[in-house]
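Predicted, not measured: the structure shown is a model, and the values here were computed from it. Side chains are part of it too, since the values below use all heavy atoms of this structure and drop only hydrogens, waters and symmetry mates.
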Amino acid sequence: MSEFASRLIAWHAENGRHDLPWQNTQDPYRVWLSEIMLQQTQVDTVIPYYQRFLEHFPTVTSLAAAPLEAVLALWTGLGYYARARNLHRAAQAVVRAHDGIFPRSAAQLVELPGIGRSTAAAIASFCFGERVAILDGNVKRVLCRQFGIEGFPGERAVELRLWALAESLLPATGIEIYPQAQMDLGATLCTRSRPRCGECPVSETCVARRTAREGDLPARRPKKAVPQRSCGVLLVKAGGAVLLEQRPATGIWGGLFSLPEMVEGESGAQTALRRLGIAVPDCRELPSLRHSFTHFTLTLTPWLAELPAMPVMAHEPVLRWVALDELEKVGLPAPILKILQAR
DNA sequence: TATCCGTGGAA
DNA sequence: TTTCCAAGGAT
């Protein structure tokens, strides 16, 4: 076994995290759900979502039987909604193709939608003891520092090298613990800023530590300009309900309900109302809000139209009146929910 | 293969 | 306020 792996496993016994909600179980459903929610998402953010999701869908069978809408509703605010759509599809695949029993190998798990190489390895090693390597953000950071790997880990060549390195370090025994030990080291000691090298079990062999480059490894993502976009949205209210429009199944906020979009301005609002088949009342502009995505910044300007009564509308599958006290039943983008909760 | 896909925490 | 990016995967 590599000295690196054995030191991490020994360190983990006393210093690892042992009480996260998805730990102390080998139920592949729970481990899978946690791994999906934790993709690109911080632990503290995931915890309440994970617990609420399990209360609604305690088993893969119950998840598979649920409407996608209910799944997206529980994902509101968590982001990367393709994860929820893939989660739902994968649950149905497990029920249909595997009789509701999760496949036990990483090779089979990776065939399920939303499960990539690292997530498959995490489930297979945690739940079934398969000797396969994970490579998440924590592991990348730890390996880049420990072995002095240059280059941005998002680059293909660097990532391939990291996968090979991660596999070469796998222990012969303790595979159920080793992935967790790596992640715990990255999350609690070998952090992005101000790593606590004084407490690290592998600091003596760490290239970054020896060369005082803890702050330079792993290499930063190359900078890119963030485009600015702006968009007007209609806030049509009648009684205690608001008119929502379901977004296309793919793309940003795919499958979520949002406020109908419009070109900005007073006349744009009235054009949009006519498109929706609503007699045009007075509209008034509300304060804009800015929302930051990873790859662009969006300025949303809501326009409020209050109707005396809910109009009877032509059959429009993507339009829906939703009571303001029932918003939790549909999936909503975070900034849209913010607008709706403000009034 | 580079880009797309959310949100909020931390510094 | 701005910058960076976190238990990544799909296309």
Any N/O donor-acceptor pair, A:Thr294 side-chain to B:dG6 base, under 3.5 Å: yes

Nearest-angstrom distance from the residue atom CZ of A:Arg156 to P of C:dA10: 14 Å

Distance test, side-chain N/O of A:His295 to OP1/OP2 of B:dT3, below 4.0 Å: no

DNA chain B: 5'-proximal contact among A:Arg192 and A:Gln39 (nearest heavy atom): A:Gln39

Whole-Å C1' distance, C:dC5 and B:dC4: 16 Å

Sugar-phosphate only, base, or nothing, as touched by A:Arg194 at under 4.0 Å among non-hydrogen atoms: nothing

Rounded interatomic separation in angstrom, taking CH2 from A:Trp32 and P from C:dG8: 17 Å

Value in whole Å for how far the C1' atom of C:dA6 lies from CG of A:Asp184: 15 Å

Inter-residue atom distance A:Arg7.CZ - A:Phe4.CZ, 0.5 Å rounding: 11.0 Å

Short side-chain N/O contact to B:dT7 OP1/OP2 from A:Trp253, under 4.0 Å: yes

Whole-Å gap separating C1' (C:dA6) and CG (A:Asp44): 11 Å

ring-ring contact (aromatic ring centres under 6.0 Å, His included) contacts touching residues 264-313 of chain A (sequence neighbours left out): A:Trp253-A:Phe293, A:His291-A:Phe293, A:Phe293-A:Phe296

Inter-residue atom distance A:Thr25.OG1 - A:Phe126.CZ, 0.5 Å rounding: 12.0 Å

Side chain to side chain donor-acceptor pair (under 3.5 Å) between A:Thr299 and A:Gln228, intermediate numbers included: CA-CA 8 Å; A:Thr299 302; A:Gln228 308 269 337; 5.1 Å; no

Minimum-distance nucleotide (side-chain atoms of A:Met183 versus B:dG8, C:dA10, C:dA7): C:dA7

P gap between C:dA7 and B:dA2, integer Å: 24 Å

Minimum-distance nucleotide (side-chain atoms of A:Lys223 versus C:dA7, C:dC4, B:dG6): C:dC4

A:Tyr81 vs B:dT7: side-chain N/O to OP1/OP2 distance below 4.0 Å: yes

Presence of A:Arg141 side-chain N/O under 4.0 Å of C:dA7 phosphate oxygens OP1/OP2: yes

Euclidean distance, atom CG of residue A:Leu33 to atom C1' of C:dA7 [Å, nearest integer]: 13 Å

Test side chain to side chain donor-acceptor pair (under 3.5 Å) applied to A:Thr211 and A:Arg209, A:Glu214, A:Arg213, the passing residue: A:Arg213

Between CG on residue A:Leu38 and CD1 on residue A:Ile36, distance to nearest 0.5 Å: 9.5 Å

Sugar-phosphate, base or nothing in reach of A:Pro179, heavy atoms under 4.0 Å: nothing

Sugar-phosphate only, base, or nothing, as touched by A:Leu78 at under 4.0 Å among non-hydrogen atoms: base

Between C:dA6 (P) and A:Ile36 (CD1): distance, integer Å: 18 Å

Nearest-angstrom distance from the residue atom OH of A:Tyr80 to P of C:dA6: 11 Å

Atom-pair distance (CG on A:Leu135; P on C:dA6), nearest Å: 12 Å

Side-chain donor/acceptor of A:His88 to backbone N/O of A:Glu69, under 3.5 Å: no

Sugar-phosphate, base or nothing in reach of A:Ser292, heavy atoms under 4.0 Å: base

Sugar-phosphate only, base, or nothing, as touched by A:Gly154 at under 4.0 Å among non-hydrogen atoms: nothing

Base B:dG6 to side chain A:Thr41, donor-acceptor N/O within 3.5 Å cut-off: yes

Touch class at under 4.0 angstrom, heavy-atom based, for A:Lys224 against every strand present: sugar-phosphate

Sugar-phosphate, base or nothing in reach of A:Trp22, heavy atoms under 4.0 Å: base

Proximal nucleotide (of B:dT7, B:dG8, C:dG8) relative to the A:Gln40 side chain: C:dG8

Phosphate contact (C:dG9 OP1 or OP2) by A:Thr119 side-chain N/O below 4.0 Å: yes

Atom P, compared across B:dG8 and C:dG9: separation rounded to whole Å: 23 Å

Sugar-phosphate only, base, or nothing, as touched by A:Leu20 at under 4.0 Å among non-hydrogen atoms: base

A:Glu155 or A:His291, whichever maps to the more 5' nucleotide of DNA chain B: A:Glu155

Side chain A:Arg17 and base C:dA7 donor-acceptor under 3.5 Å: yes

